[in-house]
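Written out below as structure tokens is the structure these notes cover.
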Amino acid sequence: MTGFNVLHALGYDSFGLPAEQHAIATGVHPRVNTESNVANMRRQLRRLGLGHDARRSVATTDEDFYRWTQWIFLQVYNSWYDETSGRARPIVELESEFATGARPTPNSVAWSTMSRDEQRAAIDNHRLAYLSHAPVNWCPGLGTILANEEVTADGRSDIGNYPVFKKNMRQWMMRITAYADRLLDDLDRLDWPEPIKLMQRNWIGRSEGARVDFASPAGAITVFTTRPDTLFGATFMVVAPEHPLVEALTTDENRSAVEAYRAAAAAKDAIDRQDDTREKTGVFTGTYATNPVDGSRVPVWVADYVLMGYGTGAIMAVPCGDQRDFEFARRFGLPIPAIQQPPAEWFEARGLAVQSGASVDTNSWPEAFVGDGAYINSSNSGVSLDGIESIEEGKSRMNAWLAANGHGEPTINFKLRDWLFSRQRYWGEPFPIVYDEDDQPVALPESMLPVLLPELEDFKPQALDPNDDVTDPIPPLARSNEWRNVVLDLGDGPRTYRREINVMPQWAGSCWYELRYLDPTNRERFVDGDVEKYWMGPADGGDGMTGHTGGVDLYVGGVEHAVLHLLYARFWHKVLFDLGHVSSAEPFHRLFNQGYVQAYAFRDPRGQAVPAAEVEERDGKYFFDGEEVTREYGKMGKSLKNIVTPDEMYDDYGADTFRLYEMSMGPLDASRPWNTRDVVGMQRFLQRVWRNVVDENTGDIKVSDAETPLELRKLLHRTIDGVRSDMDGLRFNTAIAKLIELNNALTQHVTAHGNTPREVALAITRMLAPLCPHMAEEIWSRLGHTATITYEPFPDAESSLLQDDTMEYPVQINGKVRARIVVATGADETAVREIALGDDKVLAALAGATPKKVIVVTGRMVNIVV
RNA sequence: GCCCGGGUGGCGGAAUUGGCAGACGCGGGGGGCUUAAACCCCCCUUCUCGCAAGAGAGUGCGGGUUCGAACCCCGCCCCGGGCACCA
């Protein structure tokens with residue numbers, strides 16, 4: 001209607017845990033279940049009249065779709081991240097750089113002298129998809145391992161809320177950390193809600209700091225710190241219980257204590273370990289390291305408040321400047337020398353006498369001091385921070401000294417970890433990977449795709465106690481030996497291979513489905529290059545590296561995807577971009593988070609949810625089956641029994657009413673309560689529109705060619721103008737309100753004259769078409785049109801009708817409205833002032849007082865100050 | 001604990017982002033149509049006082065800036081979400 005070529009599609013991310021959990025609960029094969037659910041949803045959405053292009057709809061479980069998911073996996077597997085050029089490149093280029101010597105090999109051994117296994121290991125270590133023996137999140141309750149992002153803060157599974165344990169396993173990982181910088185930086189070029197960007201920034205967690213080496217009898221201990229400027233205050237060190245140097249650092253007399261502590265730490269589950277209200281614990285290793293800035297001996301402790309997974313798993317503790325170190329030092333009686341002079345306000349805010357200079361006494365401090373404050377006691381023969389008042393300055397001086405003296409270097413750390421990509425489930429994409437007799441992974445050639453999921457009788461994961469953290473998982477695919485063991489010719493004759501029996505996580509398909517919408521039936525490629533460029537190429541025609549990123553013009557989705565789907569999809573897209581498969585640097589240029597629909601729910605006295613639809617309200621109380629029930633409020637769902645299905649709404653009110661109600665109940669991005677009782681308002685509106693145009697008794701059209709009265713015309717054009725801009729800004733609720741106002745005025749006209757002016761009938765029908773297409777289409781055809789209204793132009797407002805000859809000004813006296821005056825529209829300030837001051841009501845309100853000041857805001861209002 | 005959102009009539013929500021608070025819808029009240037009811041049409045509906053004209057108060061609470069604050073600033077309170085010993 002406004003001249004755009006629109007691609008609007010919706011697909012089904014149908015692999016993964018929710019589908020499989022449902023299949024297990026019902027005992028029906030997930031494919032059967034998935035397909036019937038998809039069919040039902042397609043039917044419901046079709047009935048809603050959304051303009052999705054059905055030809056472009058895909059399901060990630062379609063064999064024709066996951067063939068390309070596997071293909072993209074191979075692209076990732078066969079790539080490495082070249083830090084020098086800052087992008088992914090084909091792995092064959094790495095091999096040739098190693099071979100020619102253009103790039104030094106891991107131990108600077110000549111490539112040709114390395115064994116095939118050594119060469120292979122060197123290459124595999126660079127791949128963007130790689131196998132790793134790493135601690136993973138093992139969830140026996142689900143029978144699978146989970147990505148970090150799928151584990152909640154209290155150490156349970158996002159889905160199902162089962163306990164999660166750390167376990168060492170060999171798993172596929174995706175090197176998303178290689179893209180940490182670009183994932184962070186490119187957020188600035190996206191049109192996304194700021195809170196979502198912030199969540200991604202926090203998740204990526206970039207922090208600038210330094211690596212510093214502390215010499216010790218067990219070798220150098222490298223720490224990561226964001227505050228190298230506080231090195232002079234480092235009075236002890238702490239390493240994580242899992243740190244590889246713990247053994248070597250521990251002296252004989254401390255060995256039993258340290259080992260007991262490590263064992264206790266290992267036995268703790270994630271919940272205990274993350275509970276930060278608990279008191280700090282730790283043990284001394286018996287060994288001292290050397291602080292590089294002053295040569296002082298600092299004791300090395302083991303404590304579980306230091307995490308192996310972040311930084312280097314070891315820290316320098318600066319108790320005066322870090323709250324955690326401060327608590328630890330207090331607990332174990334370690335000294336806390338001050339190295340910064342807190343400002344006077346810091347002491348005053350804590351009810352302390354101000355302390356100054358080198359005599360600053362931390363014994364009286366209730367907590368560590370973090371912030372800008374002049375350094376004290378911070379100098380050696382080569383560097384002095386004393387007297388400097390800014391942390392930035394302190395850091396840069398110390399970094400320069402560390403680098404110059406070989407004790408460390410500036411570095412950047414990220415919270416983001418590599419993405420765990422294996423799941424021990426049935427309902428997911430099989431990996432296009434087999435293992436040879438040496439148990440080494442071999443990628444299948446493109447010609448062998450897709451690797452189809454075998455049909456299994458029993459697709460359930462191994463049944464385990466949710467608290468059983470001992471048993472290893474056995475993936476369902478291991479049950480089919482004939483699928484698992486295959487003879488293939490991968491170039492060196494037929495050999496026996498074993499297939500990978502893990503499957504991909506549920507996020508794999510949704511990492512790229514938007515690309516398949518563009519070209520859903522392409523047999524040769526996942527998406528044609530020109531097609532991708534047409535729909536998703538950078539809007540400024542640039543290369544995507546700077547300027548516009550390209551990507552989907554508008555992606556509407558929920559906030560729950562902030563750090564999972566939206567981060568993974570960006571990562572895959574960037575790999576495809578680097579390898580030249582797509583022209584857009586980001587998958588989704590504009591993101592809009594719609595709110596949730598929430599609804600009242602009711603519980604009986606036993607606390608059981610009762611069907612909300614059958615609850616009756618009497619005198620502000622609620623009753624179900626004669627019994628009083630209590631009301632609560634939450635996201636629509638099965639557990640609260642407060643779901644309203646679209647089918648009920650279609651049957652009772654019609655799809656157009658349902659659409660209109662959903663859009664009118666509030667702004668698109670806000671969560672809103674569903675209240676079926678309110679739906680009737682939109683139905684009445686549509687009935688009034690209908691009756692204004694169609695005679696209810698005869699079915700004849702009630703449209704006249706007489707001239708539209710000027711007032712109605714003006715309202716019509718103001719409405720057109722307002723609805724246009726509201727629709728443009730996705731403000732459907734206010735657009736609908738404006739249309740209702742217009743129709744209410746029209747109703748009065750029809751009541752008086754018996755018919756609707758044709759001009760108004762045509763325009764209102766066109767404006768309604770995007771909102772309630774079924775009725776608009778019907779009216780359109782009754783108005784004598786044979787073609788669909790869908791491609792009719794949206795009405796244009798005549799600007800000459802948007803303004804009246806006169807306008808009303810409110811006149812305030814001391815900020816309170818006391819009168820209203822009518823003024824010619826273009827009147828200047830002086831004229832408005834004269835009329836205002838001469839107005840009877842104003843004169844009465846002034847009661848003879850002389851105005852001190854008269855403020856006239858042209859086109860707005862007048863304020864008289866007395 | 002830290003970081004984001006948000007708090008406006010009986011309810012969902014408007015308010016051109018510093019300029020008439022409460023658009024529009026629900027609910028409620030009154031009237032018309034009808035033998036009657038439903039539907040429909042018209043009027044009223046932030047609260048308090050008042051028969052009324054009108055007056056006063058009012059956007060979570062307390063201050064402030066401004067001729068003027070729902071909107072900006074400071075300090076709190078509540079609700080929702082994210083992160084959580086990340087050095």
Side-chain angles (χ1 to χ4, degrees), chain A residues 152-154 193-203 205-207 209 223-227 230 238 240 273-278 280 303-307 309-318 321-325 327-328 413-417 559-560 562-563 593 596 598 620 660-661 664-667 669-682 684-685 687-688 691 696 722 725 731 733-741 743-744 747-748 750-751 808-820 851-857 859-866:
Chain A
T152 61
D154 42 337
E194 275 311 315
I196 297 287
K197 289 190 184 181
L198 196 65
M199 279 191 230
Q200 291 219 344
R201 286 193 188 105
N202 289 342
W203 194 265
R206 177 189 155 106
S207 54
V223 302
F224 172 72
T225 175
T226 54
R227 291 290 305 275
T230 62
V238 183
R273 182 112 183 222
Q274 285 175 2
D275 179 10
D276 58 356
T277 57
R278 136 190 109 83
K280 297 265 181 299
D304 66 3
Y305 81 92
V306 173
L307 310 173
Y310 182 77
T312 60
I315 62 158
M316 63 176 211
V318 182
D322 182 286
Q323 186 56 28
R324 294 152 303 185
D325 299 343
E327 286 168 20
F328 192 83
N413 227 316
F414 294 93
K415 274 202 272 185
L416 183 70
R417 315 289 163 79
V559 271
E560 67 272 23
V563 288
N593 292 126
Y596 296 126
Q598 300 174 305
L660 224 43
Y661 173 63
S664 71
M665 59 205 276
D669 57 355
S671 286
R672 298 152 294 182
W674 179 273
N675 199 347
T676 304
R677 203 175 62 174
D678 293 346
V679 176
V680 69
M682 291 303 120
R684 286 180 194 152
F685 164 54
Q687 287 168 342
R688 273 195 281 260
R691 282 196 304 269
E696 278 199 292
S725 68
R731 293 184 300 270
N733 53 331
T734 50
I736 291 167
K738 291 182 174 77
L739 286 165
I740 292 173
E741 276 182 273
N743 188 58
N744 287 348
T747 303
Q748 304 234 358
V750 173
T751 306
E808 193 184 76
Y809 273 68
V811 181
Q812 300 178 341
I813 294 173
N814 288 338
K816 286 195 185 289
V817 180
R818 297 296 176 181
R820 288 166 203 287
K852 281 189 207 146
K853 199 172 177 185
V854 179
I855 293 140
V856 178
V857 183
R860 289 262 186 242
M861 44 66 70
V862 179
N863 191 12
I864 300 168
V865 187
V866 290

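Every chain is numbered from 1, with letters handed out A, B, ... down the list of sequences. All of these numbers come straight from a predicted model, not from anything done at the bench.
Here the closest non-hydrogen pair linking A:Arg672 and A:Pro667 is NH1-O, 3.5 Å.
Looking at heavy-atom distances under 4.0 Å, A:Ile855 makes contact with a base. Across all strands shown, A:Ser664 has no heavy atoms under 4.0 Å from either base or sugar-phosphate atoms. A:Val857 comes within 4.0 angstrom of a nucleotide base, judged by non-hydrogen atoms across all strands. At a threshold of 4.0 angstrom between heavy atoms, the contacts of A:Gln812 include nucleobase atoms, whether or not backbone atoms are also involved. Among the heavy atoms of the strands lying under 4.0 Å from A:Asn733 are primed sugar atoms or P, OP1, OP2 only; no base atom is included. Using a 4.0 Å heavy-atom distance criterion, A:Met665 is classed as a sugar-phosphate-only contact. Using a 4.0 Å heavy-atom criterion, one finds that A:Ser725 contacts no nucleic acid atom at all. Among the heavy atoms of the strands, none lies under 4.0 Å from A:Asn413. Heavy atoms of A:Thr225 sit under 4.0 angstrom from primed sugar atoms or phosphate atoms, though from no base atom. Residue A:Arg201 is classed as having no contact, given no heavy-atom separation below 4.0 Å to the nucleic acid.
Considering CD of A:Gln687 and CZ of A:Arg691, their distance stands at 6.0 Å, rounded to 0.5 Å. Distance check, rounded to the nearest 0.5 Å: CZ of A:Phe685 to CG of A:Asn743 gives 5.0 Å. Here the CD atom belonging to A:Glu327 is positioned 9.0 Å from the CG atom belonging to A:Asp322, to the nearest 0.5 angstrom. A:Thr734 contributes atom OG1, which lies 11.0 Å from atom CD1 of A:Ile740 (distance to the nearest 0.5 angstrom). We find the CG-NZ distance between A:Asp304 and A:Lys280 to be 9.0 Å, quoted to the nearest 0.5 Å. Distance check: A:Glu194 CD to A:Arg201 CZ gives 5.5 Å after rounding to the nearest 0.5 Å.
Taking the six-membered ring where tryptophan is involved, the planes of A:Phe328 and A:Tyr305 are tilted, since the angle between them lies from 30° to 60°.
When the C1' atom is compared between B:rC77 and B:rA38, the two are found 49 Å apart, to the nearest whole Å. Rounded to whole Å, the separation between the P atoms of B:rG22 and B:rA15 comes to 13 Å. Rounded to whole Å, the separation between the C1' atoms of B:rA57 and B:rC41 comes to 36 Å. Nucleotides B:rA14 and B:rU59 have their C1' atoms positioned 13 Å apart, rounded to a whole Å. Comparing the same atom, P, in B:rA21 and in B:rG68 gives a spacing of 14 Å after rounding to whole Å. Across B:rA69 and B:rG30, the matching C1' atoms stand 37 Å from one another, rounded to whole Å. Between B:rU48 and B:rC43, the two P atoms lie 25 Å apart (nearest whole Å). To the nearest whole angstrom, the two P atoms, one in B:rC44 and one in B:rA23, are 12 Å apart.
Closest contact between the side chain of A:Gln748 and the listed nucleotides B:rC43, B:rC24, B:rA84 involves B:rC43. The listed nucleotides are B:rC67, B:rG13, B:rC85; the one nearest the side chain of A:Lys853 is B:rC67. The side chain of A:Thr734 lies closest to B:rA15 when the candidates are B:rA15, B:rG12, B:rG19. Side-chain proximity of A:Thr226 to the nucleotides B:rA87, B:rC67, B:rC24 is greatest for B:rA87. Listed candidates were B:rC24, B:rG82, B:rC26. Nearest to the side chain of A:Val680 is B:rC26.
A:Glu560 has its CD atom 13 Å from the C1' atom of B:rG82, to the nearest Å. Whole-Å rounding puts the A:Leu660 CG to B:rC26 P distance at 12 Å. Atom-to-atom, CD of A:Glu194 to P of B:rC3 comes out at 17 Å; the value is rounded to the nearest Å. For the pair A:Lys197 NZ and B:rG81 P, the computed distance is 24 Å after rounding to whole Å. A:Arg691 places its CZ atom 10 Å from the P atom of B:rC42, with the value rounded to the nearest Å. With rounding to whole Å, A:Tyr661 atom OH is found 12 Å from B:rG27 atom P. When rounded to the nearest whole Å, the span between CZ of A:Arg417 and P of B:rA84 equals 10 Å. Spacing between atom CD1 of A:Ile736 and atom P of B:rC26 amounts to 13 Å, rounded to whole angstrom units.
In this structure, A:Pro810 and A:Arg688 both approach RNA chain B, and ranking their closest nucleotides by distance from the 5' end singles out A:Pro810. Each of A:Ala314 and A:Arg820 lies near RNA chain B, and the nucleotide nearest A:Arg820 is the one positioned closer to the 5' end.
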Pair assignment for RNA chain B - dot-bracket with | for other-strand partners, Watson-Crick or G-U under 3.5 Å
(((((((..(((......[....)))((((((.......))))))((((....))))..(((((..]....))))))))))))....

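More than 90° away from 0 lies the glycosidic angle of B:rG29, which makes this nucleotide anti. Applying the 90° criterion around 0 to the glycosidic angle, B:rU65 comes out anti.
Taking the salt bridge (Lys or Arg N to Asp or Glu O under 4.0 Å) definition, one finds that A:Arg206 meets it with A:Asp181, A:Glu208, sequence neighbours left out. The salt bridge (Lys or Arg N to Asp or Glu O under 4.0 Å) test applied to A:Arg688 returns no partner, not counting sequence neighbours.
In terms of phosphate contacts, A:Arg677 brings no side-chain nitrogen or oxygen within less than 4.0 Å of OP1 or OP2 of B:rG12. At the phosphate of B:rG27, OP1 or OP2 sits under 4.0 Å from a side-chain N or O atom of A:Arg684. Distances shorter than 4.0 Å separate none of the side-chain N or O atoms of A:Arg818 from OP1 or OP2 on B:rC20. Listed pair A:Ser207 / B:rA87 meets the phosphate criterion, a side-chain N or O lying under 4.0 Å from OP1 or OP2. Within the structure, a side-chain polar atom (N or O) of A:Lys816 is placed less than 4.0 Å from OP1 or OP2 of B:rA57. For the pair A:Asn863 and B:rU66, the criterion of a side-chain N or O lying under 4.0 Å from OP1 or OP2 is not met.
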Verify salt bridge (charged side-chain N to carboxylate O under 4.0 Å, His left out) between A:Glu741 and A:Lys738, making sure each step is shown before the conclusion.
CA-CA 5 Å; A:Glu741 276 182 273; A:Lys738 291 182 174 77; over 6 Å; no

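Not a single donor-acceptor pair, N or O on each side, falls under 3.5 Å between the base of B:rC67 and the side chain of A:Lys852. Side-chain atoms of A:Asp678 stay outside donor-acceptor range of the base of B:rC26, with no qualifying N/O pair under 3.5 Å.
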